[in-house]
Amino acid sequence: MSILPDLTPDESPEAARAFADLAASLYTMARNEASPVSTRLSPVEIAERFNEPMPKQGRSLAEVLARLEHDVLRDANHLLHPMAMGHQVSAPLPAAVWTEIVIAALNQSVAVSEMSPTLTEVERRVMKWMSELAGFDDRSAGTFTSGGTEATFTALAAARAALMPDSWESGMVGEPPVVVCGEHAHYAVSRAVGLLGLGTRQVVRVSSDALYGMDIVELAAVLDSLSQEGRQVMAVVASAGSTATGAYDDIDAIGRMCEARGLWLHVDGAHGASALLSATHGHRLRGLERARSLAWDPHKMLLLPLSAGMVLVRNGHELASAFSQAAPYLFHGDAGESPDLGRMSFQCSRRADALKLWVALQRYGAQGLASLFDQLCERAMQLHSLVREHPSFQAMHVPQSNILCFRWLGGLAEGAASEAFAQDALTDELRTRYNRSGEGWLTVTTLNGVRVLRVTVMNTRTTTEHLRELLDGLARTGAAMLAERGEVSAA
């Protein structure tokens, strides 16, 4: 059976509009705040919905769209809803969302210039803009990645090539070097270290200071101790907007320390590097020009749809050296002169995600995106104030970005509250019940050995009133939980 007769109608503007209308309905749904933020169904119930054999025959486009709407969209997480305050995934900018269909229709791989003549230059120009923001000069280079994990892997591969130029061909010889990072560094660091063949035991973690950033005094002591032991340090990784709390390490102090010791400094700015656009928060990245590499995810605080990550390296030749392979069927000429981005990228077939950022900048401007960044951070500060005023909660830190962690005290007397809160399972249950209610959505993490609630404000539709609703809903859910256990009556 041929499907050729079905292709022509599917190419029509009417067919495209049907999919676009479905996507646009998510924005309409976000304005209906009575709709649930997430599904009330269990994973087992959702799995049963899709428990079917592979279709042997096609269906009409109308039937497929109906299933998309009923079976997929209805019980998806609705990140555009103003009460969605969970993970570091954005409520994406509409112009960037609509750009996705253009990227898919062009279907060009930006690894090789001849395969994507205009889109390669778009990415190169965007990389230049972002490198200038980072304080890097004309020697810098970078590529888009799937996200911060790939960006950090790529940067540490470049650090390995700089320290051990023969490692690409000969592998690891002798005792492997170490990578030093903070205790709240993203798991991408240990994942990269493992994949690069060093072994995850070579990750040396430095404890945090009172603000949950890397303790500078301990970092100096750790580096001195490693030097005395004769251990090589492949890189130091600083966090700019850590996953747990959104904290920024003191990049300037760490950078000076690395420069004095001749060490590679990589900054994981996947979440927080977008502060570079902000006049209010840009100071948090002071000293970034001292870094050798930077991971940055525009799909976080620049509110692009997944995926859109970047890696930037101060010296582009060091990025190219991380992947020193010959591929005459693709790459031609000297690597230093070639426009082919695949020479500096872990991926080969790679979609033109840079176009989303280019369109967002063209449509909203750098100042417009900065204003959205500032708004999200301001909402976190407002939540901090509300938490301090609420008897059922205690803030764990003053937010440096758009993330706040806070304790649920259970509505008990102060002496009993700490005892109740020590039962981390209660906090996990509170989060699960609240999210399952459909009222809102947030996450949890562990700070100082204690399970805490965690909010990440990623939606420009979230207002101060929504933050009040969040705390009131959590307090109400928690009181009901404790009443069931006979610990306190539900108010």
Side-chain angles (χ1 to χ4, degrees), residues 109-112 120 123-124 126-128 130-131 134 136 139-165 167-169 171-172 177 179-181 185-198 200 202-203 234-240 243 263-273 288 291-300 306-325 327 330-331 335-336 338-354 357:
S109 173
V110 292
V112 181
T120 291
E123 180 164 328
R124 285 163 61 87
V126 169
M127 289 295 98
K128 182 173 178 58
M130 309 319 264
S131 294
F136 295 168
R139 296 173 300 165
S140 65
T143 70
F144 263 66
T145 65
S146 59
T149 298
E150 184 193 339
T152 290
F153 170 80
T154 302
L156 293 182
R160 185 185 68 172
L163 183 66
M164 299 171 288
S167 60
W168 180 267
E169 293 185 351
M172 300 298 302
V179 172
V180 180
C181 62
H186 193 271
Y187 71 85
V189 177
S190 57
R191 175 168 289 188
V193 169
L195 289 171
L196 289 168
L198 279 67
T200 57
Q202 312 314 316
V203 177
M234 191 178 87
V236 175
V237 179
S239 296
T243 299
L263 302 178
W264 184 293
L265 171 60
H266 171 64
V267 174
D268 179 3
H271 189 76
L288 182 59
R292 298 273 286 275
S293 56
L294 169 67
W296 187 349
D297 279 356
H299 64 222
K300 290 187 171 71
L306 294 167
S307 62
M310 299 185 300
V311 60
L312 302 172
V313 174
R314 193 171 64 188
N315 186 331
H317 290 290
E318 292 180 327
L319 185 57
S321 68
F323 305 107
S324 53
Q325 281 182 294
L330 286 179
F331 307 133
S338 171
D340 294 336
L341 297 171
R343 295 178 183 270
M344 300 182 291
S345 173
F346 179 70
Q347 300 180 62
C348 182
S349 297
R350 182 160 60 82
R351 68 197 304 272
D353 289 314
L357 181 52

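For clarity, every value in this text was computed on a predicted model and none was experimentally measured.
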Residues 139-146 side chain polar contacts: donor-acceptor under 3.5 Å, at least two apart:
{"residue": "Arg139", "atom": "NE", "partner": "Asp137", "partner atom": "OD1", "Å": "3.2"}
{"residue": "Arg139", "atom": "NE", "partner": "Asp137", "partner atom": "OD2", "Å": "3.2"}
{"residue": "Arg139", "atom": "NH2", "partner": "Asp137", "partner atom": "OD2", "Å": "3.2"}
{"residue": "Ser140", "atom": "OG", "partner": "Ser131", "partner atom": "OG", "Å": "3.4"}
{"residue": "Ser140", "atom": "OG", "partner": "Asp137", "partner atom": "O", "Å": "2.8"}
{"residue": "Thr145", "atom": "OG1", "partner": "Gly147", "partner atom": "N", "Å": "3.3"}
{"residue": "Thr145", "atom": "OG1", "partner": "Gly147", "partner atom": "O", "Å": "2.8"}
{"residue": "Thr145", "atom": "OG1", "partner": "Met310", "partner atom": "N", "Å": "3.4"}
{"residue": "Ser146", "atom": "OG", "partner": "Glu150", "partner atom": "OE1", "Å": "2.9"}

Checking Leu288 now: which residues fulfil side-chain contact (heavy atoms from CB on, under 4.5 Å) with it, not counting sequence neighbours?
Ala134, Val267, Leu276, Leu285, Ala291, Leu294
Residue set satisfying side-chain contact (heavy atoms from CB on, under 4.5 Å) with Ala157, at least two apart, ordered chain then number -> Leu196, Ala322
Qualifying salt bridge (Lys or Arg N to Asp or Glu O under 4.0 Å) pairs with a residue from residues 308-323, counting only residues at least two apart or across chains
Arg292-Glu318
Can you name the nearest heavy-atom pair linking Leu156 to Met234, along with the distance?
O-CE, 3.5 Å
To the closest 0.5 Å, what do you measure between CE (Met127) and CG (Leu312)?
5.5 Å
Stepwise, does the side chain to side chain contact (heavy atoms under 4.5 Å, CB included) test hold for Leu198 with Met172?
CA-CA 7 Å; Leu198 279 67; Met172 300 298 302; 4.2 Å; yes
Search all heavy atoms of Ser307 against all heavy atoms of Asp353 and return the closest pair with its distance.
O-CG, 2.9 Å
Not counting sequence neighbours, which residues clear side-chain contact (heavy atoms from CB on, under 4.5 Å) with Ser239? List them please.
Ala185, Ser242, Asp249
Note: Ala308 and His299 closest approach over all heavy atoms is N-ND1, 2.8 Å
Within residues 185-198 or reaching into it, pairs that qualify as salt bridge (Lys or Arg N to Asp or Glu O under 4.0 Å) - sequence neighbours excluded
none
Which pair of non-hydrogen atoms, one from Val189 and one from Cys181, has the smallest distance, and what is that distance?
CG1-SG, 4.1 Å
With sequence neighbours excluded, residues passing side chain to side chain donor-acceptor pair (under 3.5 Å) with Thr120
Ser116
Which heavy atom of Ser109 sits nearest to which heavy atom of Ser349, and what is that distance?
OG-CA, 3.6 Å
Qualifying residues under ring-ring contact (aromatic ring centres under 6.0 Å, His included), relative to Phe136, sequence neighbours excluded
none
Determine yes or no for a side-chain-to-main-chain donor-acceptor pair under 3.5 angstrom, with Ser293 supplying the side chain and Val311 the backbone.
no
Show the nearest heavy-atom pair for residues Pro298 and Gly309, with the distance to one decimal.
CD-CA, 4.0 Å
My understanding is that only residues two or more places apart in sequence, or in another chain, count here; which of them pass salt bridge (charged side-chain N to carboxylate O under 4.0 Å, His left out) with Asp297?
Lys300
